[in-house]
There are 2 protein chains.
Amino acid sequence: MKSSSVEQLILDLYAQHSTEEAHFTAQEVYHHIKPRLPSVNQSTIYRALERMTRAGKVSVSDMGLGAAVYEAVGNEHHHHLVCQECGRVQTIKDESVGRLFRQIERENNFEVLTNHLVLFGRCHACRSKSDPD
Amino acid sequence: MKSSSVEQLILDLYAQHSTEEAHFTAQEVYHHIKPRLPSVNQSTIYRALERMTRAGKVSVSDMGLGAAVYEAVGNEHHHHLVCQECGRVQTIKDESVGRLFRQIERENNFEVLTNHLVLFGRCHACRSKSDPD
DNA sequence: CTGAATGCAAAGACTTTGCATCAGC
DNA sequence: GCTGATGCAAAGTCTTTGCATTCAG
């Protein structure tokens with residue numbers, strides 16, 4: 001099936017950014033697309049993102065921003081560490097995560113579809129600042 | 001520091017449920033507390049939950065309900081598998097998750113504070129139904 | 001022609017906030 | 001009296017939805 005023009009623009013947006021850093025809220029996607037397609041409406045963005053999520057083209061997750069973030073689904077899975085104090089986001093590539101998911105699938109008879117793990121905590125800088133162990 | 005009466009009622013609510021199943025949205029907490037403390041206001045619940053989260057008494061996570069869910073922080077960490085098709089929630093206790101978190105902490109110099117992992121996917125029943133591998 | 005995608009406007013849901021009041025120390 | 005907690009009402013965001021229109025096959 002051919003993608004709608006909006007879907008293509010969304011994919012272009014992701015293509016313009018490094019895979020690991022490209023995670024946008026629906027609102028951010030909207031503000032990026034709007035200048036390229038001035039007639040576009042917010043609801044169209046929400047509907048396109050939902051369609052693409054169902055189709056496995058993008059994944060959605062909660063990074064603690066009060067809004068869902070979407071990113072393109074690529075071959076390389078990666079995960080994020082979000083600092084609750086300074087908001088810094090670190091990207092980690094960790095095969096261990098995939099291994100754990102496979103193990104959980106086996107042990108629980110459950111197909112894990114989450115492919116983007118977001119963990120919250122405190123980054124090194126914030127730990128050094130407030131609580132020098 | 002002494003807890004406010006609202007905090008105590010919230011803790012009571014969690015005490016009344018098995019630790020593993022007690023995850024409520026702020027709205028659900030409100031509707032549980034309201035009959036016990038009719039004067040209570042929604043904003044008080046939100047403020048109490050935020051305070052308790054900061055104090056490490058409850059943890060917050062996104063279970064795909066469109067609202068944050070809060071649960072009491074206990075000694076035993078547990079995690080949830082949420083079926084995207086039927087909504088079923090499975091609880092898993094998995095030391096592997098804790099081990100992975102510790103490993104991520106070491107490798108990334110980051111203190112992981114997330115202690116409740118939520119993974120989305122398809123449960124056994126839904127897999128059998130729609131896609132008998 | 002028919003189903004999917006879109007625009008538009010409105011509504012819905014969750015959450016936050018400013019301000020006044022109240023309670024505890 | 002001061003600080004934190006609460007009530008109240010309003011606003012702010014994010015997101016969904018109903019309906020009419022347009023687009024593609």
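Each chain gets a letter, A, B and so on, in the order its sequence line appears, and its residues count up from 1.
Across the protein-nucleic acid pair, L49(A) atom CG and dT15(D) atom P stand 10 Å apart, rounded to whole Å. Spacing between atom CG of L37(A) and atom P of dT22(D) amounts to 16 Å, rounded to whole angstrom units. Regarding L9(B), its CG atom lies at a distance of 15 Å from the P atom of dA5(D), rounded to whole Å. Here dT15(D) presents its P atom at 11 Å from CD of E28(A), a figure rounded to the nearest Å. Per the geometry, CZ belonging to R54(A) stands 11 Å off C1' belonging to dA4(C), to the nearest Å. Per the geometry, CZ belonging to R51(B) stands 17 Å off P belonging to dT3(D), to the nearest Å. Rounded to an integer number of Å, the gap from E7(A) CD to dA4(C) C1' is 11 Å. Taking atom OH on Y30(A) and atom P on dT6(C), their separation rounds to 14 Å, with Å as the unit.
Here I104(B) is tied into one hydrophobic group with L81(A), I92(A), V97(A), L100(A), F101(A), I104(A), F110(A), V112(A), L117(A), L119(A), L81(B), I92(B), V97(B), L100(B), F101(B), F110(B), V112(B), L117(B), L119(B), each link being a pair of ILVMFWY side chains closer than 4.5 Å. In this structure, V118(B) shares a hydrophobic cluster with M63(B), L65(B), V69(B), V82(B), V89(B), F120(B), the cluster being traced through Ile, Leu, Val, Met, Phe, Trp and Tyr side chains under 4.5 angstrom apart. Clustering of Ile, Leu, Val, Met, Phe, Trp and Tyr by side-chain heavy atoms under 4.5 Å joins Y46(B) with none of the others.
Under a 4.0 Å N-O distance rule, the pair E95(B)/R99(B) does not qualify as a salt bridge. Under 4.0 Å is where a charged nitrogen must lie from a carboxylate oxygen, and between R102(A) and E105(A) at least one such pair does.
Looking only at side-chain heavy atoms (C-beta outward), R51(A) and K57(A) stay at 4.5 Å or farther from each other. Looking only at side-chain heavy atoms (C-beta outward), V58(A) and Y14(A) come within less than 4.5 Å of each other. Y70(A) is not listed as a side-chain neighbour of M52(A), based on a closest heavy-atom distance of 4.5 Å or more. In this structure the side chain of Q42(A) never reaches within 4.5 angstrom of the side chain of I45(A), judged on heavy atoms.
In this model, the phosphate group of dA5(C) is not approached by any side-chain N or O of T44(A) to a distance below 4.0 Å at OP1 or OP2.
Axis angle across the helix from dC1(C)-dG25(D) to dC25(C)-dG1(D), with five pairs used at each end and values rounded to 10°: 30°.
Checked against H23(A) for a ring pair (Phe, Tyr, Trp, His ring centres under 6.0 Å), the options H79(A), H80(A), H78(A) give a single hit: H80(A).
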Listed pairs, N/O of protein and of nucleotides 20-22 of chain C, under 3.5 Å:
none

Between the protein and nucleotides 14-17 of chain C, are there any N/O to N/O pairs under 3.5 Å, and if so, what are the atom names and distances?
unit_1  : atom_1 : unit_2 : atom_2 : d
dT15(C) : OP1    : A68(B) : N      : 3.0
dT15(C) : OP2    : Y46(B) : OH     : 2.9

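Rounded to the nearest 0.5 angstrom, D12(A) CG and E7(A) CD are separated by 11.5 Å.
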